[in-house]
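What follows is one structure encoded as structure tokens, with my remarks underneath.
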Amino acid sequence: MTAPAVAAARFAIACGIGVGLGVAYSFLRPLRQKATTLGDLLFLVFFAAGWIHLGFGVCRGDLRLGYSAGLIVGIFLWEATLGRALKPVFFGFWRIIFRLLKGIFRPVAGFFRFFCHFAKKRIANGKKSGTIKDDRNTPPPEGERHGKMAGKAETDPICIPPQ
């Protein structure tokens with residue numbers, strides 16, 4: 001059985017780690033609006049690292065639901081207090097980062113746009129010429145009608161030879 005003082009100390013540490021996760025979430029929130037998957041994956045990495053540190057570093061393998069709930073409580077404490085005040089700072093930081101990246105990748109994006117357009121035209125033309133056969137101006141061969149010979153008798157479906 002865990003002593004109440006030890007459990008309270010572990011819960012307080014869990015709340016502190018949760019506050020750190022709240023900072024990470026607030027920092028990654030503007031990135032999440034532009035690249036949702038990247039933002040979510042980065043936060044999951046931070047959350048997993050925090051949970052593993054809490055479970056095996058602080059609690060020494062004594063995994064309990066209350067300690068994990070302390071992480072969530074810490075995240076909500078951050079969001080309710082300083083998270084709201086620092087939201088414009090994080091958005092401003094990411095706005096500067098996005099502008100810098102946009103200026104760096106604009107020439108590269110132009111090249112890729114040209115290359116994709118060129119490849120799309122080449123693949124589409126090659127596909128059309130290989131699959132569409134223009135037979136409008138050529139007369140059908142003699143004796144053929146819809147791919148079958150007109151005078152040819154059909155074979156017996158039971159495969160019994162005629163007598």
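These figures come from a predicted structure and were not determined experimentally.
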Check the surroundings of atom CZ in Phe43: do more than 12 heavy atoms from other residues, nucleotides or ligands lie under 6.0 Å from it?
yes

Determine whether Ile75 and Phe47 make a side-chain contact, defined as any pair of heavy atoms from C-beta on separated by less than 4.5 Å.
yes

Hydrophobic clusters here meaning ILVMFWY residues chained together by side-chain heavy-atom distances under 4.5 Å, can you tell me if Leu82 and Tyr25 are in one?
yes

Does Leu100, at its CG atom, have more than 12 non-hydrogen atoms belonging to other residues, nucleotides or ligands within less than 6.0 Å?
yes

When you compare the side chain of Leu31 with that of Leu42, does any pair of heavy atoms fall below 4.5 Å?
yes

Verify the cluster assignment for Leu44 and Leu71: are they in a single hydrophobic cluster under the rule of side-chain heavy atoms below 4.5 Å apart?
no

How would you list all residue pairs meeting side-chain hydrogen bond (donor to acceptor under 3.5 Å, both in side chains) that involve residues 72-83, not counting sequence neighbours?
Ser26-Trp78, Ser26-Glu79, Arg29-Glu79

Nearest heavy atoms of Phe11 and Gly70, plus distance in Å
CE1-CA, 3.5 Å

CG (Asp62) and CG (Leu54) are apart, to the nearest 0.5 Å, by 10.5 Å

Hydrophobic cluster membership, with links at side-chain heavy-atom distances under 4.5 Å among I/L/V/M/F/W/Y: are Leu28 and Ile96 in one?
no

Pair Arg10, Thr2: side-chain N/O donor-acceptor within cut-off below 3.5 Å
no

Locate the shortest heavy-atom distance separating Cys15 from Val73; write the atom from each residue and the value.
SG-CG1, 4.0 Å

Can you name the residues that form a ring-ring contact (aromatic ring centres under 6.0 Å, His included) with Phe46, not counting sequence neighbours?
none

Could you work out, with ring-ring contact (aromatic ring centres under 6.0 Å, His included) as the rule, every residue matching Phe27, not counting sequence neighbours?
Phe90, Phe93, Trp94

Grouping I, L, V, M, F, W and Y whenever their side-chain heavy atoms are under 4.5 Å apart, do Ile17 and Ile52 come out in a common cluster?
yes

Are Ile13 and Val6 in one and the same hydrophobic cluster, where Ile, Leu, Val, Met, Phe, Trp and Tyr link if side-chain heavy atoms are under 4.5 Å apart?
no

